[in-house]
Amino acid sequence: MTDTRLIHTVGVGALEWLWAHRDGFRLEPDADPEVGFLERFKPVGELALVCKVLFREGVAGSRQAELARRLLDHVWRDTLDGGTMLVRGQRTEPASPIPFEVYLPFRELGYSQPEVERAAALNHRLDSWAALETTPTRRLGLSAFERRFGLTPRPPEPEALRATWLARTPEPWTVEGHIAYDITHCVFHLTDWGENPGGLPGDIAGYLATWLPVWIDDWLDLRRWDLLGELLVVDACLPRPTLDEPAWTAFAAAQQPDGAMPAVRAMPEGDEEAVFDVVYHSTLVAAFASVLATSRALTELARAS
């Protein structure tokens with residue numbers, strides 16, 4: 001099992017980089033809605049999800065916890081304008097689930113925007129919401145988010161799960177990048193982002209216990225750090241995580257001195273905004289993997305003592 005200090009240090013560096021580059025969490029309010037006004041909301045929602053995990057697990061140091069709260073306050077106040085930009089996004093694309101998906105973790109962390117909540121309740125009653133064409137994994141995520149919001153999932157999560165790739169436990173050697181990301185997010189939704197490892201059905205947990213180490217080795221060899229980080233999160237979501245030492249050692253070595261995590265191989269070149277857009281996600285994933293794996297490692301040590 002990997003040294004817990006090494007795992008924890010990855011998260012410390014990642015939070016420092018995210019705070020130093022907080023202005024990268026920006027919207028494009030003048031963007032043409034036909035070419036993706038809502039796309040810039042995605043990093044903000046991902047940040048809120050990761051910070052929620054950090055607070056929930058309770059293994060972060062005081063500096064990490066402070067930076068996470070300051071990051072959340074910054075993006076809620078300055079990026080989302082106290083939630084007003086979520087309202088604008090919902091009005092721009094009334095049937096889009098993106099404002100709802102971004103808002104939910106903020107709501108769970110104590111932030112509030114009543115108009116977004118009213119829109120979510122209204123949209124949930126529309127047939128258009130249930131009929132929205134999206135990937136099976138995204139549909140599972142929407143059902144999970146509806147449950148967490150207090151709405152009746154449409155469709156129910158077991159029904160949504162059946163349509164996913166992972167639920168069928170197919171031939172493991174067919175996994176490539178897009179499928180691998182579907183696998184990781186399916187696990188995130190089933191376990192509520194690592195909170196409930198028991199949310200994994202037994203056959204899926206067994207399938208992952210067998211094949212996840214192989215996939216981790218594959219993407220380690222390719223130096224696909226973003227995807228490797230998500231697979232390390234999946235490992236931490238399993239009932240008995242392996243906390244793969246060679247993978248964590250290489251993952252930590254790939255992290256830059258300032259805390260940034262390259263997405264693939266080495267850091268990209270370019271101006272600050274361009275670099276942020278390439279590596280913010282892999283750095284968020286590094287923070288996510290670190291806090292969840294640290295928590296699981298401490299649990300395993302307590303269990304063994």
Side-chain angles (χ1 to χ4, degrees), residues 1-18 21 24 42-43 45-54 57 59-60 64 68 71 137 166 175-189 191 193-195 197 208 211-238 241-268 275-297:
M1 187 171 71
T2 312
D3 183 349
T4 307
R5 290 170 296 181
L6 180 144
I7 297 174
H8 177 71
T9 299
V10 170
V12 170
L15 260 294
E16 292 286 352
W17 186 89
L18 291 165
H21 296 82
K42 181 172 177 280
E46 292 166 336
L47 173 66
L49 282 167
V50 171
C51 288
K52 181 175 183 292
V53 173
L54 185 145
E57 294 299 322
V59 296
Q64 279 182 289
L71 273 166
T137 301
L166 184 57
V175 172
E176 43 73 40
H178 292 295
I179 293 175
Y181 279 111
D182 283 337
I183 291 170
T184 61
H185 282 73
C186 189
V187 172
F188 300 164
H189 298 317
T191 64
W193 299 79
E195 182 174 11
L208 290 171
W211 294 111
L212 181 62
V214 179
W215 298 332
I216 286 175
D217 284 347
D218 283 346
W219 272 282
L220 172 57
D221 287 344
L222 295 170
R223 299 167 66 203
R224 291 274 300 272
W225 308 118
D226 185 81
L227 184 48
L228 177 64
E230 291 208 3
L231 292 171
L232 292 174
V233 174
V234 170
D235 176 60
C237 290
L238 294 180
T242 65
L243 306 175
D244 188 291
E245 185 170 3
W248 267 107
T249 300
F251 191 59
Q255 189 173 34
Q256 303 301 292
D258 64 357
M261 181 64 73
V264 180
R265 294 182 290 277
M267 285 290 288
V275 171
F276 178 91
D277 289 346
V278 174
V279 305
Y280 87 85
H281 186 268
S282 46
T283 306
L284 272 174
V285 167
F288 183 16
S290 170
V291 69
L292 201 58
T294 298
S295 179
R296 298 297 177 267

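With respect to the salt-bridge test (charged N to carboxylate O, under 4.0 angstrom), the residues E57 and R296 qualify.
Remark: E16 CD to T283 OG1 distance equals 13.0 Å, nearest 0.5 Å. Separation of atoms CG (L212) and CD1 (I216) is listed at 4.0 Å; rounding is to 0.5 Å.
A distance-only check finds a donor-acceptor pair linking the side chain of S282 to the backbone of M261 [under 3.5 Å]. Put simply, the side chain of T294 gets close to the backbone of S290: a donor and an acceptor are under 3.5 Å apart. In terms of modelled atom types and a separation under 3.5 Å, the side chain of E230 and the main chain of V233 share no donor-acceptor contact. Looking only at distances, no side-chain donor or acceptor of H8 sits under 3.5 Å from a matching main-chain atom of T4. Put simply, the side chain of S295 never gets that close to the backbone of L292: no donor and acceptor are under 3.5 Å apart. A distance-only check finds a donor-acceptor pair linking the side chain of W225 to the backbone of R265 [under 3.5 Å].
Taking the centre of each ring, W17 and F276 come in below the 6.0 Å mark.
Taking all atoms of both residues into account, the shortest heavy-atom contact from A180 to W219 is CB-CH2, 4.0 Å.
Proximity of W248 to T242: side-chain heavy atoms (C-beta onward) are nowhere separated by under 4.5 Å. At a threshold of 4.5 Å between non-hydrogen side-chain atoms, the residues V175 and W211 do not count as touching. Contact of the L18 side chain with the L284 side chain is registered, since non-hydrogen atoms from C-beta on lie closer than 4.5 Å.
Exactly one of V187, L243, D244 qualifies for a side-chain contact (heavy atoms from CB on, under 4.5 Å) with D235. That residue is L243.
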